[in-house]
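Throughout, a chain's letter reflects where its sequence line sits, starting with A, and its residues are numbered from 1. We use all heavy atoms of the structure for the numbers below, so side chains are in, but hydrogens, waters and symmetry mates are not.
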Number of protein chains: 2
Amino acid sequence: MENENDKLSEQEFLGKYDANVYEHPSVTVDTLIFSVMDNDSSNYRKLPEKELKILLIKRKDHPYRNQWALPGGFVKLDENLDDAAYRELKEETNVNDVYLEQLYTWGDINRDPRTRVISCSYMALINGNSTLITASSDAGDVKWFSLKSKVIQENKTIFEKGYQLEKKISIMLECGEVKLSCDVLITKKKEHEMISVTRKVLKSEGLAFDHSMIIYYGLERLRAKTEFTDIALHLMEQEFTLTELQNVYEVILDKTLLAANFRRKINMYVEETDNSTKDAGHRPARLYKHKQQKSYDFY
Amino acid sequence: MENENDKLSEQEFLGKYDANVYEHPSVTVDTLIFSVMDNDSSNYRKLPEKELKILLIKRKDHPYRNQWALPGGFVKLDENLDDAAYRELKEETNVNDVYLEQLYTWGDINRDPRTRVISCSYMALINGNSTLITASSDAGDVKWFSLKSKVIQENKTIFEKGYQLEKKISIMLECGEVKLSCDVLITKKKEHEMISVTRKVLKSEGLAFDHSMIIYYGLERLRAKTEFTDIALHLMEQEFTLTELQNVYEVILDKTLLAANFRRKINMYVEETDNSTKDAGHRPARLYKHKQQKSYDFY
DNA sequence: ATAATAGTGTCTTTCAGACAGTATAGT
DNA sequence: ACTATACTGTCTGAAAGACACTATTAT
């Protein structure tokens, strides 16, 4: 039970410490950058439709060469995790004004064919229309893809001491001619008090690594938070109309909302300005801005 | 722009790949193990009081020697993150039946004096009374500490383009004669669309690393989930009375609840059994068990 | 006038909170 | 009978959902 370190002072111990006795995993930060953008309105005086988008990068190197991946990279030894996420974000987009939140850390052994790579994922929300100056990166291999998902299968089994839920989700990404699609299977199994959630990529056409899982996880988080926080306001420009905001909510939640109820609900998050839209071919709408006064919790 | 890897096939590339060109951080898994236990009832026919507890281990080595820390350890190269958390859990307690959930990944540069260590934290809920057979570990340096926290300062500043919220929390841990205490400062700052949340340990008496932050983060998560999921039922034994369950909710949420309303609310999570308590010196209570039928979401 | 969007008033249903009241073992 | 807990019925008010209605601009 005697340990040779027992005799050392903390100073001495730290001096002797060798971090490289064991091999370490690599750690990356991968960021899911969301934005909602206007679809060019074809009809002459209709409002433009909104689309939920994410930023993807075409890989130039192995592995998954020529496939699309979330922007990210290795964490430097002298860099905080959050800072790494900011750095990568800044490298891909030219945006300073972002909402950034850690999502989840993915650590399956074989998620990267090169070596053991643990990925700490982040989600960023940026206002796409004003900051379209993206892709500081060299070629045109950084693109916004429209994102749609749907549940294509769901089943539930209840047995003696637990249950099992399975949900198969299809994710569709589109950018001009380029179409990517993948299926993710989420299994939640309960046995006694033990609950395990497994996420598995069933099919991945054009998307690298396990990034389809991360995308779906982030989408769920965005949806959940949109329902009861003001998070979606980070996707808006400085000033916006309530109808625009409603469209953003609708495109995230994938359902239509009633204007009267919507306005009542988000009233606490917004503040009137003196401005309004004009030349719209119909009644002008008042412009609002994100209200600071409310002090939602830290979570 | 030509890259020498361009000429390689994926196979060749992976064969040549050397993960050790750059130095890598170490990655640990640290688990916050919650339990709610009965306080030995002093009064002769009163119900025992419940206390929220967490499991801590006294460190035998530098750094933070003789201080208390969350159970955890380095992630092995051939081990999934979740598996690492299970393994550590199993090593400290003898429990199989646990609820386990990833919390957050802490990656500040200087959180460990030895070297760069990134910690992926987990939260486990176990039923303390039935599984008191903890501490498989050698000495008596694995202990359950009662956990209490309070907000000792809070302030809010609103300025032109944002606001700043500060919250100072005091955490008190107790196990017999051993008392640990620490203060954590949480700052949420918004400037334009950029939000940053910083957590800082202001004072830490007897608790190693930044573990007080992790403890508070987990506590907040447990509270939030207790409010609108059935998570707290994982802290119960197979069969329990509704009053016991209510006490568990009360000790987690740190407020008293009205029985009638509480029962209405948790009715969906529980299922009657045919059994009831007896010899209690008052009206016996029906025993309930955790209901499986409901299929809450995956989140 | 009409198309298209902007914006409001109010009924209903649902749900959370408060509280008073009844029930039943053991001593 | 009394103590301590177990359990229920119902009032109230707030919030969510549904829907009908009015308002205002450009062409």
Can you list, pair by pair, the side-chain donor-acceptor contacts under 3.5 Å of residues 258-266 of chain B, counting residues two or more places apart and other chains?
from     : atom 1 : to       : atom 2 : distance (Å)
B:Asn261 : OD1    : B:Arg264 : NH2    : 3.3
B:Lys265 : NZ     : B:Glu227 : O      : 3.0

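- Counting non-hydrogen atoms of neighbouring residues, nucleotides and ligands closer than 6.0 angstrom, the CD atom of B:Glu272 exceeds 12 such neighbours.
- Judged by distance alone, the side chain of A:Ser35 and the main-chain N or O of A:Lys53 form no donor-acceptor pair under 3.5 Å.
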Name the pairs: protein N/O against N/O of nucleotides 16-20 of chain C, kept only if under 3.5 Å.
from   : atom 1 : to       : atom 2 : distance (Å)
C:dA16 : N7     : B:Arg264 : NH2    : 3.4
C:dG17 : N7     : B:Asn261 : OD1    : 3.4
C:dG17 : N7     : B:Arg264 : NH2    : 2.9
C:dA18 : N7     : B:Asn261 : OD1    : 3.3
C:dA18 : N7     : B:Asn261 : ND2    : 2.9
C:dA18 : N6     : B:Asn261 : OD1    : 3.1

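- Put simply, CD on A:Glu272 is 15 Å from P on C:dA6, counting in whole angstrom units.
- To the nearest angstrom, C1' of C:dG7 lies 15 Å from CG of A:Leu245.
- Between the two ends of the helix from C:dA1-D:dT27 to C:dT27-D:dA1, each summarised by a five-pair axis, the helix axis turns through 10° (rounded to 10 degrees).
- If you take CD of B:Gln246 and P of D:dC7, they are 11 Å apart, rounded to a whole angstrom.
- Proximity of a side-chain donor or acceptor of B:Glu237 to a complementary backbone N or O of B:Asn127 within less than 3.5 Å is not detected.
- Side-chain N/O atoms of B:Thr243 include one lying less than 4.0 angstrom from OP1 or OP2 on D:dA6.
- Residues A:Lys291 and A:Tyr269 have side chains not in contact (no heavy-atom distance under 4.5 Å, counting atoms from C-beta outward).
- The distance from the NZ atom of A:Lys255 to the CZ atom of A:Arg223 is 10.0 Å, given to the nearest 0.5 Å.
- Under the 4.5 Å side-chain criterion, counting only non-hydrogen atoms from C-beta, A:Leu219 is in contact with A:Leu52.
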Between the protein and nucleotides 22-24 of chain C, list every N/O to N/O distance that falls short of 3.5 Å.
from   : atom 1 : to       : atom 2 : distance (Å)
C:dA23 : N3     : B:Arg283 : NH1    : 2.9
C:dT24 : O2     : B:Arg283 : N      : 3.4

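- Between B:Arg286 atom CZ and D:dT5 atom C1' there is a gap of 16 Å when expressed in whole angstrom units.
- Here the options are A:Asp38, A:Asn39, A:Asn247, the test is side-chain hydrogen bond (donor to acceptor under 3.5 Å, both in side chains), and the partner is A:Lys50; only A:Asp38 passes.
- Checked against side-chain contact (heavy atoms from CB on, under 4.5 Å), A:Thr226 has the following partners two or more places apart in sequence or in another chain: A:Leu222, A:Ile231, A:Ala232, A:Tyr249, A:Ile252, A:Leu253.
- For A:Met236, the side-chain contact (heavy atoms from CB on, under 4.5 Å) criterion is met by A:Phe240, A:Glu244, A:Leu245, A:Val248, not counting sequence neighbours.
- Nucleotide C:dT5 holds its P atom 13 Å from the CD atom of A:Glu244, rounded to whole Å.
- The CG atom of B:Asn267 sits 16 Å away from the C1' atom of C:dT14 (whole-angstrom rounding).
- The CZ atom of A:Arg263 sits 18 Å away from the P atom of C:dT10 (whole-angstrom rounding).
- Rounding to whole angstrom units, CZ of residue A:Phe262 and P of C:dA6 are separated by 12 Å.
- Of the residues listed (A:Thr93, A:Val98, A:Leu100, A:Ile54), the one engaging A:Ile33 in a side chain to side chain contact (heavy atoms under 4.5 Å, CB included) is A:Thr93, and it is the only one.
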